[in-house]
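Just below is one structure, and these are the notes that go with it.
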Amino acid sequence: MTSPGVKPTELTLYVAGQTPKSVAAIRNLEKICAEHLDESYIVKVVDLKENPKLAREHNIVAIPTLVRQLPVPIQKIIGDLSDIEKVLVHLQLAEAR
């Protein structure tokens, strides 16, 4: 959900099936969004097992990978997102509030 006049933070999480790291990344991303972002964000989860060609098209070299599409510039972080402070700083999500 987005507020009027506020551009949402767009996040895409690339996973491969229901591996422990993929499941952990999804859970950690949900926690990050709930605790650190206001309601102006959009999250997409892309399962590369279902559509492997997207890995090449979107330049994904490891999984799980979280990509902040907007605001630009695009930022990426690889891993299960368990280090919340690292995710917030690297993707500049704390500034999105």
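Being a predicted model, the structure only gives us computed values, none of them experimental.
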- Message: How close do Leu81 and Ala25 get, counting heavy atoms only, and between which atoms?
- Response: CD1-O, 3.6 Å
- pair Pro8-Tyr41: side-chain heavy atoms closer than 4.5 Å: no
- Message: Give me the atom names and distance for the closest heavy-atom approach of His90 to Lys76.
- Response: NE2-O, 2.5 Å
- Beyond-backbone contact of Val72 with Leu70, side-chain heavy atoms, under 4.5 angstrom: yes
- Task: Give the minimum heavy-atom separation between Arg68 and Thr9, together with the two atoms involved.
- Result: CG-CG2, 4.1 Å
- Residue set satisfying side chain to side chain contact (heavy atoms under 4.5 Å, CB included) with Thr12, at least two apart, ordered chain then number -> Tyr14, Lys44, Val46, Gln69
- Closest non-hydrogen atoms of Ser22 and Gly17, given as atom of the first, atom of the second and distance, are CB-O, 3.4 Å
- Has the side chain of Lys31 got a donor or acceptor atom that lies under 3.5 Å from a matching backbone atom of Ile84? no
- Mark yes when over 12 heavy atoms from residues, nucleotides or ligands other than Gln18 sit less than 6.0 Å from its CD; otherwise mark no. no
- Message: So Leu48 and Leu54, do their side chains get closer than 4.5 Å, heavy atoms only?
- Response: yes
- Item | Hydrophobic cluster membership, Val23 vs Leu13, 4.5 Å side-chain cutoff | no
- Message: Tell me whether Ile60 shares a hydrophobic cluster with Ile74, the cluster being built from Ile, Leu, Val, Met, Phe, Trp, Tyr side chains joined at under 4.5 Å.
- Response: yes
- Task: State which residues pass side-chain hydrogen bond (donor to acceptor under 3.5 Å, both in side chains) with Asp80; sequence neighbours excluded, sorted by chain then number.
- Result: Ser82
- Message: So for atom NZ, which belongs to Lys21, do other residues, nucleotides or ligands contribute more than 12 heavy atoms lying within a distance under 6.0 Å?
- Response: no
- Query: Do Ile32 and Ile77 share a hydrophobic cluster (ILVMFWY, side-chain heavy atoms under 4.5 Å, transitive)?
  - Reply: yes
- Message: Has His36 got a side-chain atom pairing as donor or acceptor with Leu88's backbone, closer than 3.5 angstrom?
- Response: no
- Taking atom CG of Leu37 and atom CG of Leu11, what is their separation to the nearest 0.5 Å? 6.5 Å
